[in-house]
Amino acid sequence: MKAHLTELLQVAANSLNADAGLIAIQLERPKNAQHGDFSTNLAMLLAKPLRQNPRAIAEALIQALPASEYIAKVEIAGAGFINFTLSPAAKQAVVRDIQQQGAQFGHNQVGQGRKIQVEFVSANPTGPLHVGHGRGAAVGDCLARLLAANGWAVTREFYYNDAGAQIDNLTVSVQSHCKGITPDHAAWPEAGYRGHYIADVAAAYMAKETVTADDQAVTGVGDADNPDAIRQFAVAYLRHEQDLDLKAFQINFDVFSLESALYSDGKVESTVANLIKSGHTYEQDDALWLRTTDFGDDKDRVMRKREGGYTYFVPDVAYHLDKWQRGFERVINEQGADHHSTITRVRAGLQALNVGIPQGWPEYVLHQMVTVMRGGEEVKISKRAGSYVTLRDLIEEVGCDATRYFLAARRADSQLVFDIDLARAQSNDNPVYYIQYAHARICSVLNEWGGNIASLSQAKLAPLDTEHEATLMQRLGEFPELVANAAQELAPHMVATYLKDLAGDLHSYYNAHKFLVEDADLTTARMALISATRQVLRNGLALLGVSAPEKM
C-alpha cells in the first residue's frame with residue numbers, strides 16, 4: 001500500500017511541474033490513529049523548489065491525486081502534512097496478497113542477487129560453544145535469513161582461529177591430561193583449560209580414536225610426547241564438538257575458514273608485503289608498524305612484534321582481503337562486543353592495501369553479554385565446561401526454539417538476561433510460547449472448520465469490518481516493510497517484536513469473536529483472515545529459525 005500511495009503522489013507532484021524524482025517521498029504511519037493510516041510531508045519538501053506555501057502545495061497535490069479505490073479520505077493537517085485514510089478494501093487487500101504469495105509474502109528483491117557474506121560464531125576451537133557464542137549464532141543466522149529474504153545471495157561463514165596462544169594453551173592442557181596431570185595438580189599449566197571436556201579429548205587421543213571435522217578425519221596417535229599430533233587432534237575434536245552444538249541449534253554454514261590456512265597458503269606474508277609496498281608501514285623499535293592513523297585510528301599499530309610473529313589483527317586483514325577477492329559486495333561480521341577494538345585497525349589495513357575496498361567495509365554487528373538466570377539466581381558454570389554455561393546446556397534445558405528466540409529477541413548491542421524459568425513456561429508471559437500458541441490456535445480453528453484452504457482465495461472479504469479485524473489486517477500489511485527495515489538496520493530483533501505484536505492481535509481477535517458462525521460468508525471471510533495470519537506467523541518464525549507447531 002505504501003508503494004501504491006507513493007506512485008499516486010509521484011504522479012501528483014509531476015503534474016505540478018515539480019521534479020519529484022529528486023525528492024524521496026516519505027510515508028509514515030501517524031502515531032495517532034485518528035490522523036489516518038499514512039501521512040506524508042511531501043508538500044513541505046516541495047515548498048522550496050516551487051516557492052509556494054506548503055498548505056497550498058498540499059491542496060494542489062490532493063487535487064492532482066489519481067483516483068484510487070484504496071483511499072477513503074485525504075486531509076491536510078498542520079503546516080502541510082497530507083493524511084491518508086485507507087478504504088476497507090485497501091486493508092482487506094493484504095489478505096489476497098498473502099494468499100497469492102504464501103511463503104514469499106514479505107520477501108523482496110532489494111539485494112538483486114548480489115553477493116553478501118555473513119560471518120558469525122567464529123569461535124576458537126578450544127572448548128564447547130558458550131551461551132555468548134549462542135547469541136552470535138542466533139543473531140548471525142537470523143541476519144542471513146533476513147538478507148536472503150531481501151534478495152541477497154548470502155554465504156554463511158565460520159572462521160576458526162586455530163593458531164596462536166589459545167591453541168598453545170589447549171595443546172598443553174590436553175598433553176598434561178595425557179600424562180596424568182589434572183587441574184588440581186601443582187604441575188598443571190597456569191593458563192591451562194580446566195573444563196572436564198579436556199579430559200575427554202585426552203582420553204580419546206590416547207585411545208587413538210578418529211574424529212571428523214569439516215570432512216577431514218584425524219586419528220589420535222596415543223603419544224603423550226607428541227605436541228603437534230595432540231594439537232591437530234584436539235582442534236579437530238573440539239571442532240567436531242562445536243559442529244554438534246551448531247547442529248543441535250539448527251545452524252548451517254556454507255564455508256569454514258581456518259586462520260592456519262592463511263599462513264600455510266602464504267596469504268599473511270603476501271598481505272604484509274603489499275602493505276609495505278603501499279608505503280603505509282615503518283620500522284621502529286625493531287618492530288614493523290602500520291600507520292593506521294592515516295585512516296582514522298587513534299594511534300599506529302604494531303604488525304610484526306620485536307620478538308617475531310604477527311599481532312592478531314594482521315591475519316584478520318589478510319582474511320578480509322581474501323573475502324574481498326572472493327567477490328563479496330558486502331561482508332557483515334557478527335561478533336562479541338569485545339571485538340570492538342579491532343574494527344578500526346582491520347578497516348585501516350584494508351584501506352592501506354589500495355585495492356579499491358570501500359571505506360566502512362566490512363560491516364559489524366556486535367552483541368553484548370548474556371546473563372543466564374534460574375530461580376532468580378545467575379547460572380555461571382556448566383558441568384561439562386566448568387567455567388561457563390554452554391549453548392548445549394541451554395538447548396537441552398529449554399529447547400532449540402526458545403533458545404533461538406530469546407537470544408535473538410533483543411537488540412544485539414543490549415545486554416541480555418536469559419531467564420530459563422520464563423523460557424520453559426507454557427504461559428502468555430513466555431513470548432515464544434505466546435507466538436507459537438497463536439499459530440496453533442489458528443490451525444485448530446481451521447481444522448474444526450474443515451473446509452478447503454485453497455478456496456479461501458475466492459472469499460468475499462467485505463464482511464471483515466470489526467475493529468479487531470481492521471487492526472489485524474493493518475498489522476499483516478506492515479510485515480513486508482518490517483522485513484525490509486530489519487534487513488536494512490541489521491536488526492532481527494524487530495522480527496521477534498513484530499511477531500509478538502501480531503500474536504497479541506490474533507489472541508485479542510480470538511477472544512472477542514466467534515469464527516464459525518451461521519453466516520457462511522462471514523465464516524469464510526474470517527477463515528481467510530486467520531489463514532493469512534497463520535502464513536505471516538510462519539514466515540516470521542522462519543526468519544528466526546523457530547518452528548511453527550500446529551498443536552501445543
Parallel, tilted or perpendicular, judged at 30° and 60°: which one describes the rings of [X] and [Y]?
X	Y	result
His507	Tyr434	tilted
His130	Tyr388	perpendicular
Phe515	Tyr509	tilted
His4	Tyr70	perpendicular
Phe253	Phe158	perpendicular

So, [X] versus [Y]: side-chain donor-acceptor pair below 3.5 Å or not?
X	Y	value
His133	Asp245	no
Asn447	Lys551	no
Tyr319	Glu259	no
Asn430	Gln426	no
Asp254	Thr155	no
Asp505	Thr471	no
Gln99	Ser531	no
Arg345	Tyr312	yes

Just how far is it from atom [atom1] of [X] to atom [atom2] of [Y], taken to the nearest 0.5 Å?
X	Y	atom1	atom2	value
Tyr510	Arg526	OH	CZ	13.5 Å
Glu329	Trp324	CD	CH2	8.0 Å
Leu456	Arg96	CG	CZ	9.5 Å
His340	Tyr364	NE2	OH	10.5 Å
Asp162	Asn124	CG	CG	9.0 Å
Leu391	Leu244	CG	CG	12.0 Å

Regarding Arg156 and the six-membered ring of Phe120, is the cationic atom NZ or CZ under 6.0 Å from the ring centre and inside 45° of its axis? no
Does Arg114 make a cation-pi contact with Trp152, if we ask for NZ or CZ under 6.0 Å from the ring centre and within 45° of the axis? yes
Heavy-atom pair of closest approach, residues [X] and [Y]:
X	Y	answer
Leu238	Tyr197	CD2-CD1, 3.8 Å
Thr210	Ala217	CG2-CB, 3.9 Å
Ala528	Leu461	CB-CD2, 4.0 Å
Ala149	Leu543	CB-CD2, 3.9 Å
Ala412	Val139	CB-CG1, 4.4 Å
Leu129	Ala123	CD2-CB, 3.6 Å

Does atom [atom1] of [X] have more than 12 heavy-atom neighbours from other groups under 6.0 Å away?
X	atom1	answer
Gln325	CD	yes
Lys500	NZ	no
Gln415	CD	yes
Arg424	CZ	no
Arg411	CZ	no
Met373	CE	yes
Glu377	CD	no

So, do [X] and [Y] sit near enough that their side-chain heavy atoms are less than 4.5 Å apart?
X	Y	value
Leu416	Leu407	yes
Val495	Val483	no
Ile420	Phe418	yes
Asn485	Tyr498	no
Leu353	Val317	yes
His320	Arg347	no
Thr523	Met527	yes
Tyr159	Asp316	yes

Salt bridge (charged side-chain N to carboxylate O under 4.0 Å, His left out) between Asp141 and Arg145: does it pass, once the steps are laid out? CA-CA 6 Å; Asp141 188 56; Arg145 291 167 182 261; 2.8 Å; yes
Which is it for Val346 and Asn333 under the side chain to side chain contact (heavy atoms under 4.5 Å, CB included) test, yes or no, and what are the steps along the way? CA-CA 12 Å; Val346 169; Asn333 295 338; over 6 Å; no
Salt bridge flag under 4.0 Å for residues [X] and [Y]:
X	Y	result
Glu481	Arg29	no
Lys247	Asp243	no
Lys323	Glu119	yes

Give the C-alpha distance, both sets of side-chain angles, the deciding distance and a yes or no for salt bridge (charged side-chain N to carboxylate O under 4.0 Å, His left out) between Glu550 and Arg538. CA-CA 11 Å; Glu550 296 189 2; Arg538 283 180 178 174; 3.6 Å; yes
Taking Cys443's backbone N and O only, do any of them form a donor-acceptor pair with Arg534's side chain (distance below 3.5 Å, no angle check)? no
Are the side chain of His240 and the backbone N or O of Ala213 linked by a donor-acceptor pair below 3.5 Å? no
Should Gln436 and Asp401 be marked as a side chain to side chain donor-acceptor pair (under 3.5 Å) after you check the CA-CA gap, both sets of side-chain angles, and the distance that decides it? CA-CA 10 Å; Gln436 290 179 320; Asp401 282 346; 3.0 Å; yes
Are Asp37 and Lys91 close enough, and set up right, to give a salt bridge (charged side-chain N to carboxylate O under 4.0 Å, His left out), and what steps lead you there? CA-CA 10 Å; Asp37 297 295; Lys91 297 180 180 181; 3.5 Å; yes
Side chain to side chain contact (heavy atoms under 4.5 Å, CB included) between Phe313 and Thr342: does it pass, once the steps are laid out? CA-CA 7 Å; Phe313 89 93; Thr342 69; 5.6 Å; no
Please step through side chain to side chain contact (heavy atoms under 4.5 Å, CB included) for the pair Gln92 and Glu469, ending with a clear verdict. CA-CA 9 Å; Gln92 293 158 5; Glu469 288 159 345; over 6 Å; no
Using side chain to side chain donor-acceptor pair (under 3.5 Å), reason through Ser257 and Glu157 one step at a time and then give a plain yes or no. CA-CA 7 Å; Ser257 293; Glu157 186 150 329; 2.7 Å; yes
